[in-house]
Every structure is written in C-alpha cells, then in structure tokens.
Amino acid sequence: MEYQPREIERKWQEFWKKNNIYRVKEDSSKPKYYVLDMFPYPSGAGLHVGHPLGYIASDIFSRYKRLCGFNVLHPMGYDAFGLPAEQYAIQTGVHPAVSTAENVKRYREQLDKLGFSFDWEREVNTSDPNYYKWTQQIFLWLFEHYYDKTANKAKPLSELTKKFEEGGSEAAQAAHSFEGSFSAEEWKGFSDKEKDEVLMSYRLAYRKVGFVNWCEELGTVLANDEVKDGRSERGGYPVIQKPMRQWALRISAYAQRMLDDLETVDFSEALKIQQRNWIGRSEGAQVFFKVENLDTSIEIFTTRPDTIFGATFMVLGPEHELVAQLTTDAQKAAVNDYLSYVESRTERDRMTDVKTVSGAFTGAYAIHPFTNTRIPIWISEYVLAGYGTGAIMAVPSDDERDNRFAKYFNLPIVAVVDQSEYPNAEMGDKVGKMINSDFLNGLEVKDAIKSILTEIELRQIGSKRINFRLRDANFSRQRYWGEPFPVKYDNTGVSHTETALPLSLPALDNFQPTKEGNSPLDRKREWVLTKDQMTRETDTMPGFAGSSWYFLRYMDPQNNAEPFSQDAVKYWQDVDLYVGGAEHAVGHLMYSRFWHKFLYDLGKVPSAEPYKKLINQGMIQGVIENIFMLKERKNGKLTFVSADRIEDYGGEDNFSEIPVYIGFVSNYGSPDSYLDSEGMEQLRNWRNEYKEAEFVTNENGRLVTHSEVGKMGKRYHNVVNPDDVVAQYGADCFRMYEMFLGPLEDSKPWNENGISGVSKFLRRFWSLYYDQNGNWIVDDTAPNSKELKALHHTIKSVNEGLETFSFNTCVSDFMKAVNELKELDCHKKSILESLVILIAPFAPFIAEELWSALGHKESILVSSTYPKHNEAFLVSDSIEYPICINGKKRAEIELPADMSQEEVKEKALSVEEIKKWLDGAEIKKVILVPKKMINIVI
RNA sequence: GCCCGGGUGGUGAAACUGGUAGACACGCAGGACUUAAAAUCCUGUAGACUGAAAGGUCUGUACGGGUUCGAUUCCCGUCCCGGGUACCA
C-alpha cells in the first residue's frame, strides 16, 4: 500500500465518528484529566493557520494522557456573543444568530479536518439560550449575594438584611460602595426604594452611576481593556468619559484572594506578574486632613506615611466631590477654567502627555495633623479620581510627580529623608534616615513607617490600609448580541429579578443602538414593558460573561436543571491543563477566576481555582512580502524593481512598497525570497493595472522581495488557510509541522520552508512498514539490542518532551528514530508497534492506519498503552569517555558501562598519553561527569 | 520610564540541575538512479588556518568584564529586539 494521507484521513475520520471514539463519560475507575482550549470567537474570516497551534498542542496532550490511562475531557465550543456579528448585522441586516451559525459551521468543518479528539457532544455555544440561561442564573446569584469580609466569602443577601435589622450598617463587615451609615431603626424605617438602593451598593452584581468609557462611534460603553491609547480597540474611534448607570461586578472584593491563590497555580511567572500588577496591591495608610474653616476633612491614601512631615500641599483629582465646596470665591474662575480644560482633554491626551504639569489652586487650606501648619489644597489631573481616595498629600521632596508640581507652581519643598548613605537610591526609594520630622528624626524609613502608623492610629486621624488597583468590572453593554439581564424595574425604580429563565433575546430588525446610547433592545417596546407593569433592563452582558464559566458547562452540557450537576463537577473537579493565547492574560483569566471563586463560596465547585496549569501558546504571525514599485511611472508604465537593485534607482525614497500575495513568491518568509518569471507573470495577471508593468530584475532574473513579519490578514495578502495546507500535505503533516516550527510558547512567522521535511519524514516512517511497491514488510523476529536501544531512547525523550510541552523536540526525536531504524534496516513488529503508538498523539491518522495494518481491530486510542522506556535498554555496553586536563580534551578512553566511578578514575589516570601530560604534576581533583567525560584538574 | 521575556550557522531551531555547542530539519553544493525532470537515495555544509589523506590547530552562542578545572547556561555592565503597562500616591 502506498501512503495516501487524504484517503487515510477520510477513512479514519469516518471510523472515529461511527464508533464514537471521542465520546467521554464520567468513569470512576479511571483518573480524570481535563484539557481545555480557549474556545474561539467564530469570526466570518474562518480559521487561519495560526489558530490551530494551541488546539494541536492540547490535542496531542489529550491523546497522550488518554493513552496513559486517563479519562480525558477535551471539549470545544464557541464564544459566540460579541460585537463583530452585531456590526455585520447593522451593515447587512443579517441576524447575528444566522451569521454566527454559519461561522460556527465553517469553523467546525475546518476543525474536523485537523483530526482533533474533541467530544463534540459536549459542544457549548454561549449564544444558545440553553447555555445563557445559566449565565443569567449565575448573574442572579451574584446579584443576590454580598461579600462578607469577616467570613471572607460571598453570602446571601438575606444575611445582610438580618444584620442591618439588628445593628444597622455598622453590623455588617461587607464589601460595598455605599456612602454613609444608618442605624437598625433607620434601616427599618426605610422605604422599599431606599432599601433597594442600599442593598444595590452591597450586591456582588450591582448598578451604579459611574464614569465609563463611552465611544460615540460604536454607541457603546467599553471595558478598560477594550480601550487602547484612548481609542476603541475595535475601529480605533475616540473614547470619552461619560457618566452612566451601569451594571458592575464587585471583583474588587476578591482582590486579595485572587492575589494569594496565584501561588497555588502553575502559570508562567510572567503571567502571574501581569496579574499581580493588574491587582496592584499596595500597603499604606489612610489619613484625614482637616480643612481650615470648614467642617470637613480630606481623606488621603499614601504608601509613605513616614514622609508626612514633608507634606507641603495637597492635591485632589479634578473630579473629587469636595472640589466645589472647597473652592473659594477668589479662585472660582481659575478652578472652573481648569476643570473645563480637563474636560476638553480626551483620555488619549491625558495618557500621551504625562509630563505636562497642570493644576489649579482651590484657595482652601488644610491643617497638617502633626505640625498644624496651613497647607494649600490644589487640584490636578495627575491625581486620579478612581484610585485610592482620589486625593493625596503631596510630598515634593520624595515623590517625583509632587516634586515636578511643586517646582512648576513654586510650592515649598521640605526634605524629610536623608538618602546620603545610599548613593544609588533614587527619589521615592524606601531607604534613608528621617530628618525634619519631629519624633521620626534619625529613624530608618522602614522603622519610621511603623512608628508613624502607630501614632496615626493613636491620634485617630487615620489607619493602616491596603489599597488595590483592581477596579470593579463594568458589566453593561448597550448592545443587542449578548445575554439579556434577567432584571426589571417597577415604576419606583426598584429592581426585581426575572425568575423564568432563559430570558431570551427577542427578534429584532434594527440593530443600530439608539441615539441616547441605549441598546437596540430598547426599540422593542413590547419586550421592554412586561405584563406585570415593569420595565426590563435593556443592557446586555459583555463578552466575558459567557466565557467566565464555560469550562464548567462542558462537564455537564445538556443539564436542564442546573448549570452543571454536583456529580459531574465532583468527578471532573477543575481544568488540569488550559491552553490559550497570552492576550487573555488579564481579561478573561481574571474574570473567570473571580466567577469560579464566587461559585466556590456558594459550594457549587470543589476548588478555589479553575485552572491548575496554563500554557500560553505563541502567535503565528504572517510574513508580509513587499515589492518595490517606482512612485513615478516610466513611459506611462509601472515599474517594479528587485529589492537588491533599488539603489540604482535612487533608493527607498523613490519607491512604494506593495504587499503582494505570498503565493507568487518563491521561498516566502526566508531572506532570499523573490519572484521568479512565473511569479512575475502571476503578478501581472493579479491586477489590471499591472498588466503592462515593467520588471527590473537582478542578474539571476529574479525580482527580490522585501519580507517583514506582521499580522496575518487580508490586507497583506498573506492569510494561509489550514485547509489548503491539509489538502496538499495531509493533516498529520500539518499537525507535526506546526509543532516542529519551534517552542509552543514562542511567536513565530508562518512559512512553509520546512514542511517538505515533515512530509518526507511521514513517508519514510511509512516505508518502515511498506516497501516501495506497497508490500507489507513488517516481520516478527526478535529485535536486537541496537534496535531496542534506538526505540527506548526515543520513548524516553518523547515522553520527556510531552511532559515538558516541548513538542518541537518530540518531532525531531521521531525523525531521528526513523533515520536510525532505516539505517538498521529494522522492520520488526515489536519495535514498530511501539513506535506507532508513540507517534499517535502527533499524527493520529497515519498511526491508526498502521495500527490496523499491524492487525488491531480497534482504534489505537482504546487498544494500546503509551510506551514507557526501559532503562536497561538505554545503558550501553561500553562508553567512550573524553579525558580532559583542566577542561581541555587530551585523550579518549573506552570503558565498560558498569564500571564503578573509582575504577573509571583509575583507568583514566593510567592512560599513557595522560601520564605524559601529567608529567608528575599535582592532581588537585578528578571530576567525573557520569557518562560524559573525565576531567583532571592540576 | 518601569516590569517581564529573549539575542546561538544562510534559515527554523537543539543542548538534562554549568560538562565534547549547532542535534533534528530546511536551504545550498556535489554525486547516484533517469533520455530528461520530479521523486528517492548518498556525501558535504559555523568560521579561519593546516595536511596528499585520515586528520589536526585555533576562534566562535549580541558586546565588554567576572566566578570556575570548565560558562550558551551563573554574576556585573553595555547595546539591540519582542511583550506587558502607564501620572496607582
């Protein structure tokens, strides 16, 4: 038989389907292993060659684990809610559900060709009412819980109201955004509406008025991570700050736990650091500064309470609530001018120039709590309303920004930390001795912090405090294509929950958001106004809602009574291996960890963390192949010049670079990429205006192109479709080649320069079983030691490669193995049987085919066990040691493998050549590197 | 700016906890088979020097230094590239 990948692949695809090879059931007789991919958003463009990288890796690992005896859950689904489908609907009128379904179908077809071992019966689609029913349910749970800081977990709201009834707001140690306080009696006297408002600011899913990123062009509010440089990530439209009533999730309540539990998971250190930075814990103090002549005080947060004697002025964020009250009549004009200046600046301006100093004096003074001196109160945009308390004590001697501000506005600077003993210390470093600081004088910074904290608490002007950068997640989108909130409001504005779930998205014709920025759902009045005289919430949930818990639904995808059963989650527990792109390092990963912890608090999942181990696969980039075109036409004709000849035509400045379809280019992606005469002909036919074009080639008749690495995209004419590669080389080859390309976690440009090597390898592998004429040449004779050694070396290194996710080296190991067995002319069944199992996770199709040719009736996945190496076969009879003197090789000696270290040493010293070299010199020590070398130090 | 990665042949890349750098593959060169091409197979392939040859010597992992018998690996400094982040008090 000849190796024909296409036929083999079709055959086994059918076999797997018919025999349900990939269906997985809970099975308590086997240990479980859960391998998860980040599920894709099914975009209209389909998969390109970069998408499957992670899926291939996770599939290899799943198959490997299955062959090792694990019951492996390896599902796939679609993150199907999102903006692109809705934008498409606005443009074309095609309902998002329709276009999404089409895209899903396309994705499925593409995925199927690659031979993945997904259990498609567990497919999940976040836009399916049977799925988002449970997203809505989890939202309601969040809505009906608050965070108890004493128990350090979420608790039902009923417990909170009980506490309010007993002791008012003081009785509850809870995470909240309520301002003010009330007694038990006051609570009891509150109206329903007042109670609703109070409770709202305690809920884990709550509504608040806040400044949000408003994008006029998209007509929607964006999450912080959807905004890049003050512009929308999608489309690049300007984003401004606008107050709006929004749903939010109280993720901040979980900040400390999210930070602590990072220690328990196996993520890359880089990713953990990213998450830690995002959470941004800082320890410091909250201190109150009384305002002169006013019955109010300003609350500040500082990480350097020790420098308080250097506080010579205060700065409030422009949006701080006290600004209006503090501003004196004399300063009113100046302050208002400044406020309008701040308002005129977009988020983008504020971010791009952080060096410009600006601000205004309010005219008010605060009283320094220790020195009782008057210190002026300023406002400036360098103080952010959203962080800490939105106000600072400025210590210009020890903070760079305060220093800049003080110098610019001529405010006094008092040095309080003497850093002369630390020549390398910079301003703000926590080292030095306190000066000009009353009772702190002479103390080291560290001790001064402790000392001042005690004093602050003693005088009751503040307290120790831990602050987090992590802010509550905005959970509202004014969009159609998302989960509707199961919430409605009565005519007093009190919120009520919708208990009949799912609350489905109604049909709609016009997907355009309304002018006021409301969701298109707002147009559907008969849906908005309910039978019980209430008004529905028209916002929908953001994309991260459905993706925050999908991995749990895979465990029990058809459950109609609950999101997932306790039996299922007790068996599958959590995700053992999660594979996905690093671009989700903060967004998705944070939100899903938070949801998981919440579900953990509710006792619905058994583990505090959802993902035990995470691997970030790199991106596969595109190669952009440019050709140089003269800007000026010559004799009315376009002229393309070979990249190595553009100097003859006045250099780069005279040319435009045009990205061309990579299919025309020979050796695309390599340094010597060029168009040959055929390529130039194809280029002529590519576009009408190129028909008459002139080509200036180099001496080899080639038009050298200029390649760069960039995104894969339509505009660069460099999208490589996996279907095409599979059609040409087969799925096994494609899978192995993507792994062979380099380390999984590295980003790398796609090129097909080496794919012929993998293709050749597969045919060579096949030729161990069949000769050129297609005759079966496997024999039953016993293998010799050389053959066994070759096999066991491969088993060892492939197993190691799999465990460490260096799949690229595994592919090399296979190539080496085949080369060796070819050399040995080995066609022995016992060797080849092991080899075919070994390769099965990587190239499942060829493995199945050869496995059945070896006489097995069932799939290799169910009728084989992954080979483990036998140490005995790896030990050589004799070992060749290089003998070195002071690290330099002087001789070689061949010794039996089972010799003791002492004997090896003795033998080495007795070698004639070495004796000559030593020539009576004193031997300091002899270093034996087992099985590697002998080094004599003199 | 700050925080993470990373810099190895013509190319993609290997190298276990410091132990013979460049495995494996692409490309290239030469050869075999062929009327020819494709396919396949064989040989060579870091650089320099040396030898009739087998071979030998030296230099080489961005750059400069250090620790060590021995450094791609550890330490210090410099340069460059990629990613993240942004006035976080």
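Excluded from the calculations below are hydrogen atoms, water molecules and symmetry mates; all remaining heavy atoms, backbone and side chain alike, are included.
- Taking atom CD of A/E2 as the reference point, atom P of B/A39 lies 15 Å away to the nearest angstrom.
- In this structure, the nucleotide among B/C24, B/A86, B/U20 sitting nearest to the side chain of A/M815 is B/C24.
- Annotation for A/E803: atom CD counts as buried by contact number, over 12 foreign heavy atoms lying within 6.0 Å.
- Taking 4.0 angstrom as the limit, A/R404 places none of its side-chain polar atoms (N or O) nearer than this to OP1 or OP2 of B/C87.
- An OP1 or OP2 oxygen of B/C88 is reached within less than 4.0 angstrom by a side-chain nitrogen or oxygen of A/R401.
- Comparing A/R304 and A/E880 by the nucleotide of RNA chain B whose heavy atom lies nearest to each, the residue mapping closer to the 5' end is A/E880.
- Taking atom CE of A/M933 as the reference point, atom P of B/U20 lies 7 Å away to the nearest angstrom.
- For B/G82, the base adopts the anti conformation, since its glycosidic angle falls more than 90 degrees from zero.
- Taking 4.0 Å as the cut-off between side-chain N and carboxylate O, A/E871 and A/K789 do not count as a salt-bridged pair.
- Rounded to whole Å, the C1' atom of B/G51 lies 15 Å from the corresponding atom of B/C58.
- Aromatic ring pairs are classed by plane angle as parallel below 30°, tilted from 30° to 60° and perpendicular above 60°; the pair A/Y382 and A/F405 is tilted.
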(request) Could you go through the ring pair (Phe, Tyr, Trp, His ring centres under 6.0 Å) check for A/W378 and A/Y338 one step at a time? (result) CA-CA 11 Å; A/W378 287 67; A/Y338 186 66; 9.4 Å; no
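- Atom C1' of B/U8 sits at a distance of 8 Å from the matching atom of B/G22, rounded to the whole Å.
- Distance A/E745 CD to B/G83 C1': 13 Å, rounded to the nearest Å.
- Heavy atoms of A/R890 sit nowhere under 4.0 angstrom from any nucleic acid atom.
- Nucleic acid contact for A/I273: sugar-phosphate only, since backbone atoms but no base atoms lie under 4.0 Å from a heavy atom of the residue.
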(request) Report the secondary structure of RNA chain B in dot-bracket form, marking unpaired bases with a dot and bases paired to a different strand with |, and treating Watson-Crick or G-U pairs with both distances under 3.5 Å as paired. (result) (((((((..(((......[....)))((((((.......))))))(((((....)))))..(((((..]....))))))))))))....
(message) Show, in sequence, the C-alpha distance, side-chain angles and deciding distance for A/Y729 and A/F734, and conclude whether the ring pair (Phe, Tyr, Trp, His ring centres under 6.0 Å) test is met.
(response) CA-CA 7 Å; A/Y729 297 97; A/F734 178 74; 9.6 Å; no
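- When the P atom is used for both B/U59 and B/A21, the distance is 12 Å, rounded to whole Å.
- Panel note: side chain A/K925, backbone A/I923; no donor-acceptor pair is recorded below 3.5 Å.
- Comparing the same atom, P, in B/C3 and in B/U78 gives a spacing of 13 Å after rounding to whole Å.
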(message) As a quick check of understanding, evaluate side-chain hydrogen bond (donor to acceptor under 3.5 Å, both in side chains) for A/S797 and A/D813, giving each step before the final call.
(response) CA-CA 7 Å; A/S797 47; A/D813 290 332; 3.3 Å; yes
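- Atom CZ in A/R469 sits about 14 Å away from atom P in B/G84, given to the nearest Å.
- B/C80 and B/C63 have their P atoms separated by 15 Å, with the value rounded to a whole Å.
- Look at A/S282 and you'll find a side-chain N or O under 4.0 angstrom from OP1 or OP2 of B/A89.
- Here the P atom of nucleotide B/G83 and the CD atom of A/Q275 are 20 Å apart, to the nearest Å.
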(request) Give the intermediate values and the outcome of side-chain hydrogen bond (donor to acceptor under 3.5 Å, both in side chains) for residues A/Y387 and A/S282. (result) CA-CA 11 Å; A/Y387 182 77; A/S282 55; 3.1 Å; yes
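- Remark: A/K748 does not engage A/D746 in a salt bridge, criterion side-chain N to carboxylate O under 4.0 Å.
- Using atom P as the reference point in both B/C49 and B/G10, the two lie 16 Å apart (nearest Å).
- A sub-4.0 Å separation between OP1 or OP2 of B/A89 and a side-chain N or O of A/Y382 is absent.
- A salt bridge links A/R281 with A/E283; the closest basic N to acidic carboxylate O contact falls under 4.0 Å.
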(request) In sequence, state the C-alpha distance, the side-chain angles, and the governing distance for A/S767 and A/K822, and then conclude on side-chain hydrogen bond (donor to acceptor under 3.5 Å, both in side chains). (result) CA-CA 9 Å; A/S767 74; A/K822 276 284 220 187; 2.7 Å; yes
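- Taking the P atom of each, B/G5 and B/C69 are spaced 30 Å apart, rounded to whole Å.
- The phosphate of B/C41 has OP1 or OP2 within less than 4.0 Å of a side-chain N or O from A/R764.
- B/G31 and B/U20: their P atoms are spaced 37 Å apart (whole Å).
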(request) Starting from the C-alpha separation in whole Å, work towards a yes-or-no answer on side-chain hydrogen bond (donor to acceptor under 3.5 Å, both in side chains) for A/E299 and A/T389. (result) CA-CA 6 Å; A/E299 181 189 357; A/T389 60; 5.7 Å; no
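- Ring planes of A/F309 and A/F370: tilted class, angle from 30 to 60°.
- At a threshold of 4.0 angstrom between heavy atoms, the contacts of A/N819 are confined to the sugar-phosphate backbone, with no base atom among them.
- Distance A/M590 CE to B/G84 C1': 14 Å, rounded to the nearest Å.
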Between the protein and nucleotides 67-74 of chain B, are there any N/O to N/O pairs under 3.5 Å, and if so, what are the atom names and distances?
unit_1	atom_1	unit_2	atom_2	d
B/C69	O2'	A/N886	O	2.8
B/C69	O2	A/N935	ND2	2.0

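- The separation between A/W278 atom CH2 and B/C3 atom P is 19 Å, rounded to whole Å.
- Residue A/S756 is in sugar-phosphate contact alone, with no base atom involved, counting any heavy-atom pair closer than 4.0 Å across all strands shown.
- Using bins of under 30°, 30° to 60° and over 60° for the plane-to-plane angle, the ring pair A/W766/A/Y770 lands in the parallel bin.
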Filtered N/O pairs between nucleotides 12-17 of chain B and protein, under 3.5 Å:
unit_1	atom_1	unit_2	atom_2	d
B/G12	O2'	A/L741	O	2.7
B/A14	OP1	A/N808	ND2	2.9
B/C16	N3	A/K932	NZ	3.2
B/C16	N4	A/K932	NZ	2.1

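- Here the P atom of nucleotide B/G5 and the CZ atom of A/F267 are 18 Å apart, to the nearest Å.
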